[in-house]
Protein chains: 2
Amino acid sequence: MPLHLRILNDVEKRILSGEWPPGHRIPFEHELTVQYGCSRMTVNKALTDLVKKGLIERRRKAGTHVSFPHVQFAVMEIHDLRREVQALGLPYRYEIVSLKPRRARREDNARLDLAAGASVLEIVCDHFAGDRPFCHEERLINLAAVPEAAKETFEEGPPGTWLLGKVPWSSAEHRIRAEAAKAKIASALSIPTGSACLVVERTTHYSGLQITHVIFTYPGDRHELVAQFAHG
Amino acid sequence: MPLHLRILNDVEKRILSGEWPPGHRIPFEHELTVQYGCSRMTVNKALTDLVKKGLIERRRKAGTHVSFPHVQFAVMEIHDLRREVQALGLPYRYEIVSLKPRRARREDNARLDLAAGASVLEIVCDHFAGDRPFCHEERLINLAAVPEAAKETFEEGPPGTWLLGKVPWSSAEHRIRAEAAKAKIASALSIPTGSACLVVERTTHYSGLQITHVIFTYPGDRHELVAQFAHG
DNA sequence: TAGTGGTCTAGACCACACA
DNA sequence: GTGTGGTCTAGACCACTAT
C-alpha cells in the first residue's frame with residue numbers, strides 16, 4: 001500500500017473511531033512528515049484527499065481540524081441496465097417494443113419541456129434478466145438535441161447505453177416513487193395489474209437543453225436501489 | 001487559479017463537451033507538461049483527481065482514456081421527516097405507537113446483526129402531515145450502542161431526530177424499493193391493503209457498530225425521492 | 001510577524017503492461 | 001525491452017491568517 005494511503009487510512013480511522021472528535025486539531029504536516037519519515041508532499045496528498053472526503057478542514061496558520069458533521073447526502077449508484085442484470089449472474093437481453101419519430105404533443109410537456117410540434121423520438125423498450133422481464137422503459141428523445149438518434153435502430157445496444165456514448169455528458173434529475181402497475185406495464189413485466197412497482201424517472205440535460213426523459217419501471221419486489229451515506 | 005485546476009478544468013471541459021468522447025485517449029503526462037510548461041507532478045495531480053471523479057481511466061503503458069459511463073452517481077438529500085412535511089406547508093405531527101425494550105430475536109438479524117439475546121429498543125411510530133398519515137416508521141435501536149435510548153420517551157421529537165442529535169458521526173446504507181402495503185401498514189397509513197408503497201430501509205453505523213435499523217413506509221402516490229445526477 | 005497550508009519543481013525509482 | 005503511470009523526494013516560494 002502506498003504511503004499516502006496509509007497515512008490517509010490512519011487518520012481516517014482515528015476520526016471515524018471517535019479518537020479524534022469533530023473540532024480536534026490533527027498534527028501539522030511537518031509533524032506527520034517526522035512520524036512517517038516522508039516528505040511533506042506525501043503527507044499533503046493524504047490530507048488533501050481527506051478534505052475532498054469532507055472529513056477534515058484546513059486553514060493556513062490555524063492548522064487542520066476534524067470537520068463537524070454538516071448535511072449528509074446519500075450517494076446512489078445507478079447502473080447501466082446491462083451491468084445491473086449481469087451483476088445478478090443472469091444473461092441480459094432487451095427488446096425494442098416500439099420506435100416512433102413524431103411531433104411533440106401537449107401531454108409530453110410533463111416529460112420534456114419542448115416547443116409544440118418539436119420532433120421527438122418515442123421509444124418503448126423491455127429489458128430482461130434471463131427470460132424474466134426486469135425493467136420496462138419508456139423514453140422520449142429530443143431530436144433537436146440529438147438529431148442522429150432519428151436514424152438509430154438501437155440494435156447494438158439499448159437507447160440508454162447508446163445515448164451515454166453519443167451525447168456529451170450531462171446532468172440529470174431523478175425522481176423515485178412507488179406506483180401500482182397499469183395494465184400495459186403489468187403485461188410487459190408479467191406481473192399482476194396493480195402490483196407495486198419501483199419507478200425511476202430521469203430527465204437528462206446538456207448545456208441547458210433537455211436531451212431525453214425516461215421512465216424505468218421495475219417490479220417492486222425484484223429491484224432495490226442502494227444508496228450510501230456520504231459525509232458532506 | 002492553480003495550474004493543476006486549470007489543467008483539470010480544461011480536460012474536463014473537453015470531455016463534457018463531447019470533444020473527447022468515451023474511449024478517446026487523452027495526451028500523455030509528458031505531452032501535457034510541455035503544453036502547460038509545468039512539471040509532471042502538476043499534470044499528475046490533475047489527472048489523478050479526474051480519475052477520482054470517474055471521468056478518466058488510466059493504465060500503465062496504455063495511457064489515459066475517457067471513461068465509458070457505466071454508473072451514475074445520483075446524490076440524494078435525506079430529509080428529516082419534520083422538515084419534509086413542513087416543506088409541504090403542512091403541520092407536522094408524530095405518534096409513538098409502541099415502545100418496547102426487549103431481547104433480540106432470530107428474525108431481527110435481517111435488520112441488525114446482533115448477538116442472540118442482545119438488548120434492543122423496538123419503536124413503531126407514525127408521522128402525519130396535517131391529519132393525513134405521511135409515513136409509517138418501524139425502528140430497532142441497538143441498546144448496546146446507544147444505552148441512553150432505554151430511558152427515552154421520544155416526547156420531544158421522533159426517534160430519528162433524537163438519534164441524529166445523540167450519535168454524531170454515522171454512516172448509513174439505504175435500500176429503496178416498492179412494496180405492496182400489508183394490512184397493518186395499510187391501516188396505519190389509511191390506504192387500501194396492497195397499495196404500492198415506497199419503502200426506505202436504513203441501517204446506521206457508528207465506528208463499526210450498528211446503531212439502528214429503520215423502515216420508513218410512504219404511500220407511493222404521495223411521496224417522491226429526488227436525486228441529482230453526478231458523473232460516474 | 002511568524003507559522004501554516006497551497007502549490008510547484010526537477011528530478012528519481014519502480015510496477016505494470018504491451019511489444 | 002520499452003513506455004506508461006504511480007509514487008516519492010527535498011527542496012522552494014507564495015498566500016493566508018492568527019496573534
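Throughout, protein chains are lettered first and strands after them, A, B, ... in sequence-line order, and every chain is numbered starting at 1.
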Practice prompt. Select base, sugar-phosphate, or nothing to describe what A:Thr64 touches, counting heavy atoms under 4.0 Å on all strands.
Written response: sugar-phosphate
Discussion item. I'd like to know whether B:His213 forms a side chain to side chain contact (heavy atoms under 4.5 Å, CB included) with B:Ile215, so could you lay out the CA-CA distance, the side-chain angles of the two residues, the decisive distance to 0.1 Å, and finally the verdict.
Written reply: CA-CA 7 Å; B:His213 174 276; B:Ile215 302 172; 3.5 Å; yes
Worksheet entry | The single option from A:Thr212, A:Asn142, A:Val146, A:Ile211 passing side chain to side chain contact (heavy atoms under 4.5 Å, CB included) against A:Tyr206 | A:Ile211
Worksheet entry | Identity of whatever pairs with C:dT4 - Watson-Crick or G-U, under 3.5 angstrom | D:dA15
Discussion item. Given 3.5 Å as the limit, does a donor-acceptor pair link the side chain of A:Thr48 with the main chain of A:Asn44, or not?
Written reply: yes
Worksheet item: Got a sec, which residues hit side-chain contact (heavy atoms from CB on, under 4.5 Å) with A:Thr64, two or more places apart in sequence or on another chain?
Response: A:Ile26, A:Ile56, A:Arg58
Worksheet item: If each of B:Ile26 and A:Thr42 is mapped to the nucleotide of DNA chain D with the nearest heavy atom, which maps nearer the 5' terminus, i.e. the 5' end?
Response: B:Ile26
Worksheet item: In this structure, are over 12 heavy atoms from other groups packed under 6.0 Å from A:Arg25 atom CZ?
Response: yes
Discussion item. Checking side-chain hydrogen bond (donor to acceptor under 3.5 Å, both in side chains) between A:Glu201 and each of A:Arg175, A:Arg177, A:His174, which is the one that passes?
Written reply: A:Arg177
Fill in: salt bridge (charged side-chain N to carboxylate O under 4.0 Å, His left out) between A:Lys166 and A:Glu152, worked out
CA-CA 11 Å; A:Lys166 279 290 172 198; A:Glu152 187 58 32; over 6 Å; no
Discussion item. Donor-acceptor pair, distance only, cut-off 3.5 Å: does the side chain of B:Glu179 make one with the backbone of B:Val199?
Written reply: no
Are any protein N/O atoms closer than 3.5 Å to N/O atoms in nucleotides 16-18 of chain C? If there are, list each pair with its distance.
none

Worksheet item: A:Leu3 near the nucleic acid: base, sugar-phosphate alone, or nothing, with a heavy-atom cut-off under 4.0 Å?
Response: sugar-phosphate
Worksheet entry | Whichever of B:Lys45 and B:Arg40 has its nearest DNA chain C nucleotide further upstream toward 5' | B:Lys45
Worksheet item: Can you pull the contact range of chain A along DNA chain D, 5' to 3', using atoms under 4.0 angstrom from its heavy atoms?
Response: D:dT7 to D:dA18
Worksheet item: To the nearest Å, how far apart are A:His30 NE2 and C:dA2 C1'?
Response: 12 Å
